[in-house]
Amino acid sequence: MSEDSAKKSLEQVTGWELKNEGDILKLHRAWKVKNFVKGLEFFQLVAAVAEEEGHHPDLHLVSWNNVKIDVWTHSVRGLTDNDFILAAKINELKLEGLLSKKKATSHE
């Protein structure tokens, strides 16, 4: 998928941004969770969706309460429609009780 196409598709997945890492275009989003255990619970929810979709994102729990997710298709070393589908399904997760009221920063 071209960067222009990705930018257009990005409009469909609120909160996600494009990230170019080593010439690989990825979808990236960050959340701040209440604590370390809540971050692991978040990952369990994401894992269930990922397994259902057969598409597995890169999950990062940084500094005990910062959840960061990168979605991309490893086999094509970039983005496909499946990445945007997975991002949309992650957006639909019920995260009440997991998230901190503080805003997450997505930049590493």
Side-chain angles (χ1 to χ4, degrees):
M1 176 178 288
S2 71
E3 188 168 350
D4 287 340
S5 293
K7 284 179 181 175
K8 187 174 284 190
S9 295
L10 192 62
E11 297 169 6
Q12 304 302 314
V13 287
T14 305
W16 292 82
E17 60 187 38
L18 292 178
K19 173 178 160 184
N20 194 323
E21 188 174 85
D23 288 332
I24 298 173
L25 202 55
K26 301 178 181 184
L27 288 174
H28 178 79
R29 185 162 180 194
W31 295 261
K32 190 170 286 292
V33 292
K34 290 182 176 181
N35 57 47
F36 183 79
V37 172
K38 296 295 183 189
L40 295 176
E41 289 176 23
F42 187 136
F43 284 164
Q44 288 177 319
L45 294 173
V46 172
V49 171
E51 280 297 302
E52 190 176 284
E53 290 298 307
H55 196 53
H56 304 95
D58 294 340
L59 306 174
H60 309 274
L61 181 54
V62 183
S63 298
W64 72 268
N65 72 336
N66 294 295
V67 169
K68 298 181 180 195
I69 299 180
D70 292 321
V71 180
W72 58 293
T73 300
H74 297 77
S75 62
V76 301
R77 298 183 51 81
L79 293 172
T80 66
D81 289 336
N82 287 340
D83 300 305
F84 289 90
I85 292 167
L86 180 58
K89 290 191 176 196
I90 291 171
N91 278 356
E92 293 172 359
L93 292 173
K94 303 297 181 223
L95 302 177
E96 293 81 19
L98 299 180
L99 299 181
S100 170
K101 294 188 189 312
K102 294 182 181 177
K103 185 86 168 149
T105 56
S106 60
H107 302 289
E108 296 179 56

Distance from [X] atom [atom1] to [Y] atom [atom2], nearest 0.5 Å?
X	Y	atom1	atom2	answer
Lys34	Phe42	NZ	CZ	14.0 Å
Asn82	Met1	CG	CE	9.0 Å
Trp72	His55	CH2	NE2	10.0 Å
Ser9	Trp16	OG	CH2	14.0 Å
Ser63	Lys68	OG	NZ	7.5 Å
Leu27	Thr73	CG	OG1	9.0 Å

Determine whether [X] and [Y] make a side-chain contact, defined as any pair of heavy atoms from C-beta on separated by less than 4.5 Å.
X	Y	value
Glu41	Val33	no
Val49	Glu52	no
Leu86	Asp83	no

Trace of the side-chain contact (heavy atoms from CB on, under 4.5 Å) decision for Lys32 with Lys101: CA-CA 8 Å; Lys32 190 170 286 292; Lys101 294 188 189 312; over 6 Å; no
Verdict with supporting geometry, Leu25 and Lys7, side-chain contact (heavy atoms from CB on, under 4.5 Å): CA-CA 11 Å; Leu25 202 55; Lys7 284 179 181 175; over 6 Å; no
Residue Asp81 excluded, over 12 heavy atoms near CG under 6.0 Å: no
According to a hydrophobic-cluster definition based on side-chain heavy atoms being under 4.5 Å apart (Ile, Leu, Val, Met, Phe, Trp, Tyr only), do [X] and [Y] belong together?
X	Y	answer
Leu10	Trp31	yes
Leu40	Ile69	yes
Leu93	Val13	yes
Leu95	Val37	no

side-chain contact (heavy atoms from CB on, under 4.5 Å) between Leu45 and Leu98, intermediate numbers included: CA-CA 11 Å; Leu45 294 173; Leu98 299 180; 3.7 Å; yes
Glu21 bridged to Lys19 by N-O distance under 4.0 Å: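 Salt bridge present between Glu21 and Lys19.
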Residue pair Ile24 / Gly78: nearest heavy atoms and the distance that separates them: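 Here Ile24 and Gly78 meet closest at CG2-N, 4.1 Å.
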Heavy-atom closest contact (Gly39 atom, Leu61 atom, distance): CA-CD1, 4.2 Å
Side-chain (Asn91) to main-chain (Thr14) donor-acceptor, under 3.5 angstrom: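 Yes; at least one donor-acceptor contact below 3.5 Å.
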